[in-house]
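This report refers to the structure that appears directly beneath it.
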Amino acid sequence: MRFYSLLICVLSSPTLFGQAGDTTYLQTVEVYGMPMSNYAIGAKIKEIQTGDEVTMLPNALAGLASVYLKNYGNGQLSTIGLRGTTASQTAVLWNGININSPSLGLTDLSLIPLFFSSDVAVQYGTSSSLYGSDAIGGTIVLGQNRPDFQNRFSIKLYQGVGSFGHVSTGASSIYGHKRIQAKTSLYRMKLENDFPFYSPAVGYEKIQNHARVYNYGLNQHLSYQLKQNQTISVEGMFIHNNREIQPAVTNNLANEELLDENIRTSMTYDASFTSMDVKATVASLSYYEIYSDGYDEENEVDQLSAIVNINHHLTSRTSLRYGMANNSYRASSENYEAASESQEIFASFRSSFKEVLNYNLNLRQIFVDGELMPLTPSVGLEGVLLKNAKRKLVLTAQGGRGYRLPTLNDRFWQPGGNPSLEPEDALQVETGLNYVISQAKCKGTFAVNAYRSWIDDMIIWKHVTGVVWSPVNLQVVHVNGLELETAIDASIGRHVIGYNLSYAFTESTNKKALHESDPGTVGSQIPYVPLHSLNTRASVSLRRLFDFQTTYQYTGRRQTDLINDDYKALEAFGLWSISLSKQFAFTSVEARLSFSVNNIADVYFENLKNHAMPGRNYLATITLNYNR
Amino acid sequence: MNLRFLLFLFLASFLTITSCSEDDNKPTGEFQTGVFIVNEGNFLHADGSVSFLNLANSEVTSDLFGRVNDGRALGDVVQSMTTDDDRSYIVVNNSNKIEVVNANTFESISSFELSLPRNFVLHNGKGYATEWVSFVDPGRVSIIDPNDFSITSTIEVGYGAEKMIVTQEHLFVSNVNANTVSVIDLSTEEVVETIEVGNSPASFVADKNGNLWVICAGGYNENFEPLNDGKLVQISSTDFSVMKTIEVEAQISTHLLIDRTGDHLFFAVDNKIFRVGIDVTTVPTTPFIDEELVTGFYGLGIDPVTNWVYASDALGFASNGKVYRYNETGEKVDVITAGIGPNSFVFKY
């Protein structure tokens, strides 16, 4: 079963959004340990509850505004374009550490299991001052619940079975005591992906072949309370993903395969004192990949990161945070061996004026292999324009500089790597209005955000000579965007109904010809950024035991190259899905059964040119929760 | 007209897959006369295409195959095209097939599967296709019956079986990853000789004396640094000996052209095209063409009637490629917009 659509059901499921109707926008997210987003005033943040379903990150993000997922197939490589930016311009953080591959500069979202996280937060907008490199379009933060050191023992079992050979299994258990808390999670997932499709590029119905996916993972958390106010936590994660690379629709006899193994371990010390919080993390990450096309091509990168945050509560309304980070990388591949090291120092200040204005300032400086990189500041504010028992109107604004460091491949690839590349440099300004009406049994939220980005020095690989290509700082992209969101939730007796809709306009424009002889590309829309996209969801929850959800996701026409020829563009499509679920409660066991139908209209669509995605498909899941 | 020259004329028809038939009873169709531009497309995007340049008005029609065949895609990495009066054979490398279309209307006729096919030639009612097979196996030549597109036999050659040129008795195959040329006896369909040439041998041409030339683009050391050892190697079509080598001391194009009289060779070094007489031993220091706007030419072709040189700039595959046209004296005539990654040209008169 198709991941993408699986998500529609996942996204629509009340467990994922907490209880139905909790989807308030601009809500702050508490990241485990250090509440980083306390310094993200003015930023739009979307939080998605995860951890109940065995599914991958793209599925959680598919319903969000201004997110384009470039899926190379169902369960295949998936990269994000957030607010009209490239896959390398979104940071992905795990325990505060950027886990974008240091050699490729991006994360394959299909390798990030949601079963291991308790929530995923997306912070929109340029915020390198908070998150460092890559945070240009936005930042994805994988979150974990803070351990509460209660006496507890729980077990969760999940089983999903769906169309086209989808079998997913997950088990997790939490053990808690007053000084110690442990969580163990395991999952396994298989996709046959033998779905039929009719692509106009082929002209007849074909069965997808060579697109099997098999993956599994293990995650272990252990938190120990040293004192009432001090915790030490360790986490270890292993993910294995083996897949046949889904070929283009026209291709037969494909044989390419990709094996990924990621190991992530971290240790975090967390302490809170009367006027100060301290958090320190050290993490070791390993990215291992074998690409086979008859022969094996092996790539490995090891990363060692350390980050320290100190947060001072200066007054009840004012706080100051500062800290530093160190990252070291070592890459080994057929084409090069390289090492690199970076140091970062950062500081944030937050204050408020009465109850009506909150603002913050952030600053970060990074050094890469001893070289000073651009200083990245940002500023954010939220002004309450109207507030009474029933209504609240908030004006938000933020502006910041962002950067993306050249990847290890960009710098060291043999032949062609360019050690003297500058970071990609971005500036974004944004403003928004957020209006909430709360009645006793009804709540409505309306939000509008408008932003503009100037992205310069984007790294492009250009042909040099023979088979040699080399990266240069070249491309300039400007993005104008508008996001409209509305959510209405109401309760009628013990029933809850909810409706939400988001629309995004994303004009991402190429401002400079990559070649002097090709001026026609100036002013064109960046490939794979739909000008218009829309997501909508309606839900009914009867006594909170029986849920019905329906979603519709519209993705506008997408260009596939910089010249924007009509005949090469990917047509717009809309996906309609429904899901039904029922909860059963026993003494100490809760069970939830769900059934979903995705892409009901059996629409043929592509996220990447000539890569088929499944038509109508089904998924049935059962979740059992045992709590002692 | 001596026999050798006749042989040359025959060989020349296979150069950069050109056809110079004098037949007056050609079937009619929209794309009867003109230049087909083979656009590779982006790897994995299956957006390769063939554009058509109408020589009468210099108008370009993009994506012929899609236009004529209800939006169908040719496939992934369109490598090369060969045409005779009736049919065109379009080699689609990563789709592992050859698509057969009506040469004059571009209507789809059939397709047949091969393993990483590179090039196709026709000779005496048989089709010959080079295949890399995989990235670990030796390459091969498959012999195809053009009546039913069945593979009648396969002949193992060297790693990276690439371009071909055919004489009355032999088929010469360049093995780009083995740095050799395999010679196949057409009657026994066996490899009778393997000739050591230079690094990365690719295109062949035949000169006015009936001798063959193969271009060796140059190799890379273990650190992937260019060896700058490109060369032009002249091979006897009768005893298969290496007659002469012209060292270029640079990485050079995989395309090699020859003018219509068989006197001058053309190849590219980055954005420069050199013109070399077949009787000299060194490359002239001054290029025939030096294009400022281009960093490196990707595809080359020569019009067998006008001797105009066609050279393409793939523009990093991020946009439509450009085709620069130069007249017989090397002056730029115009610049034409092709599809993504134009890599070769087929001239059809």
Side-chain angles (χ1 to χ4, degrees), chain A residues 72 77 199-204 245-256 292-297 334-336 413-417 460-470 474-475 510 513-518 520-521 524 527 560-565 567-568 608-611, chain B residues 42 44-47 49 62-63 66-67 69-76 92 94-97 108 113-116 133-137 200 217-218 220 223-226 228 230 250-253 269-270 291-296 298 313-320 322 324 335 337 339-340:
Chain A
Y72 285 63
L77 172 69
S199 156
V202 176
Y204 57 90
I245 298 178
Q246 181 178 322
V249 291
T250 53
N251 292 9
N252 298 326
L253 309 175
N255 67 334
E256 296 88 346
S292 339
D293 185 358
Y295 68 105
D296 288 349
E297 198 179 310
E334 271 184 31
N335 289 73
Y336 70 95
W413 188 266
Q414 281 288 349
I460 297 290
W461 282 72
K462 282 193 79 170
H463 181 243
V464 182
T465 175
V467 298
V468 183
W469 291 59
S470 187
L474 179 62
Q475 199 175 14
N510 186 47
L514 304 187
H515 299 86
E516 204 187 321
S517 59
D518 199 20
T521 55
S524 60
T560 58
D561 67 11
L562 279 178
I563 202 69
N564 290 190
D565 277 335
Y567 75 92
K568 292 185 202 150
L608 176 74
K609 187 159 187 170
N610 290 323
H611 282 68
Chain B
N42 272 300
L44 293 183
H45 286 218
D47 56 358
S49 64
S62 55
D63 189 23
R67 271 170 211 269
N69 299 291
D70 305 320
R72 280 176 55 198
L74 258 182
D76 202 18
V92 192
N94 203 41
S95 293
N96 295 305
K97 67 169 182 182
S108 174
E113 282 187 351
L114 294 165
S115 296
L116 298 178
V133 183
S134 78
F135 292 100
V136 286
D137 297 299
S200 315
Y220 293 83
N223 294 324
F224 304 94
E225 288 155 348
N228 294 319
Q251 299 298 108
I252 60 177
S253 60
V269 180
D270 298 332
E291 187 54 64
E292 268 178 42
L293 290 171
V294 176
T295 49
Y298 193 64
D313 184 0
L315 293 171
F317 293 75
S319 164
N320 286 330
K322 303 281 185 198
Y324 293 74
V335 184
T337 299
I340 295 173

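Chain identifiers are assigned alphabetically (A, B, ...) following the order of the sequence lines, protein sequences preceding nucleic acid strands; residue numbering begins at 1 within each chain.
Smallest separation of non-hydrogen atoms from A/Ala254 and B/Asn96: N-ND2, 4.4 Å. Between B/Asp47 and A/Asn610, the closest heavy-atom pair is N-ND2, 4.3 Å.
Only the side chain of B/Asp313 comes within contact range of chain A, with at least one heavy atom under 4.5 Å from a heavy atom of that chain. Heavy atoms closer than 4.5 Å to chain A are found in both the backbone and the side chain of B/Thr295. With a threshold of 4.5 angstrom between heavy atoms, A/Lys462 does not approach chain B through any atom at all. Heavy atoms closer than 4.5 Å to chain A are found in the side chain of B/Asp270, but not in its backbone. Residue contact with chain A, scored on non-hydrogen atoms closer than 4.5 Å, is absent for B/Ala217. Proximity to chain B (any heavy atom under 4.5 Å) is restricted, for A/Tyr567, to the side chain, taken from C-beta onward. Using a 4.5 Å cut-off between heavy atoms, B/Tyr220 touches chain A through its side chain atoms alone.
Separation of atoms CG (B/Asn320) and NZ (A/Lys568) is listed at 3.0 Å; rounding is to 0.5 Å. If you take CG on A/Asn252 and CG on B/Leu114, they are separated by 11.5 Å, rounding to the nearest 0.5 Å. For the atom pair B/Glu113 CD and A/Leu253 CG, the distance stands at 4.0 Å (nearest 0.5 Å). The CD1 atom of A/Ile563 lies 9.0 Å from the CG atom of B/Leu315; values are rounded to the nearest 0.5 Å. Once rounded to the nearest 0.5 Å, the distance linking CD of A/Gln246 with CG of B/Leu44 reads 11.0 Å.
Contact count versus chain A (heavy atoms, under 4.5 Å) is highest, among B/Ser49, B/Gly218, B/Ser62, for B/Ser62. Most heavy-atom pairs under 4.5 Å with chain A, from the set B/Ser115, B/Gly339, B/Gly316, B/Ser134: that is B/Gly316.
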With side-chain contact (heavy atoms from CB on, under 4.5 Å) as the test, would you mind laying out the steps for A/Ser517 and B/Val294 before giving the verdict?
CA-CA 8 Å; A/Ser517 59; B/Val294 176; 5.6 Å; no
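Partners of A/Trp461 according to the side-chain contact (heavy atoms from CB on, under 4.5 Å) rule, which considers only residues two or more places apart in sequence or in another chain, are A/Asp410, A/Trp413, A/Trp469, A/Pro471. For the salt bridge (Lys or Arg N to Asp or Glu O under 4.0 Å) test, no residue two or more places apart in sequence or in another chain qualifies with B/Asp76.
Between the side chain of A/Asp561 and the backbone N or O of B/Ser319 there is no donor-acceptor pair closer than 3.5 Å.
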